[in-house]
Amino acid sequence: MGVWRAADRSASGLAGYFFAVSPYDVPYCSDWLWDSDDVVLYEDPDHLGWYLAYNARTGEYVHVEFLGA
């Protein structure tokens with residue numbers, strides 16, 4: 001879906017679309033550098049309506065929810 005960079009893990013935009021990290025996954029992305037890490041979004045095949053954000057620097061995935069445009 002493309003590389004995502006944002007100011008922080010809260011409702012952050014990607015080309016006008018907004019996502020938020022699942023509260024359960026926040027501990028897994030506490031060391032992410034949201035303004036400089038390359039984060040790639042994928043549809044989550046196991047959880048309808050959710051996406052996976054993959055951080056290329058840390059090798060970690062977290063669930064993100066689409067909030068709208």
Side-chain angles (χ1 to χ4, degrees):
M1 291 187 68
V3 175
W4 178 32
R5 289 198 178 141
D8 58 42
R9 65 176 165 74
S10 61
S12 302
L14 168 66
Y17 298 95
F18 292 86
F19 297 84
V21 174
S22 164
Y24 300 105
D25 286 354
V26 168
Y28 300 108
C29 62
S30 62
D31 61 343
W32 289 20
L33 306 174
W34 290 96
D35 60 345
S36 61
D37 283 349
D38 289 335
V39 177
V40 182
L41 295 174
Y42 300 95
E43 288 187 46
D44 186 337
D46 298 321
H47 302 99
L48 185 61
W50 286 86
Y51 294 84
L52 293 170
Y54 172 74
N55 185 310
R57 179 181 61 85
T58 65
E60 295 263 301
Y61 287 90
V62 294
H63 291 91
V64 293
E65 180 180 20
F66 176 67
L67 300 177

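Fair warning: this is a prediction, and the values are worked out from it, not measured in the lab.
In terms of hydrophobic clustering, with Ile, Leu, Val, Met, Phe, Trp and Tyr side chains grouped at heavy-atom distances under 4.5 Å, Tyr61 and Val40 are assigned to a common cluster. In the hydrophobic clustering of this structure, Val26 groups with Phe19; members are Ile, Leu, Val, Met, Phe, Trp, Tyr whose side-chain heavy atoms approach within less than 4.5 Å, directly or through other members.
Distance check: Asp38 CG to Leu33 CG gives 11.0 Å after rounding to the nearest 0.5 Å. In this structure, NE2 in His63 is found 13.0 Å from OH in Tyr51, a value given to the nearest 0.5 Å. The CZ atom of Arg57 sits 4.0 Å away from atom CG of Asp37, with the distance rounded to the nearest 0.5 Å. Interatomic distance, Leu41 CG to Tyr54 OH, rounded to the nearest 0.5 Å: 13.5 Å.
Taking all atoms of both residues into account, the shortest heavy-atom contact from Pro27 to Ser30 is O-OG, 3.3 Å. Closest of all the heavy-atom pairs between Trp32 and Glu60 is CZ2-O, 3.5 Å.
When Asn55, Val64, Val62 are each tested for a side-chain contact (heavy atoms from CB on, under 4.5 Å) with Cys29, only one passes: Val62.
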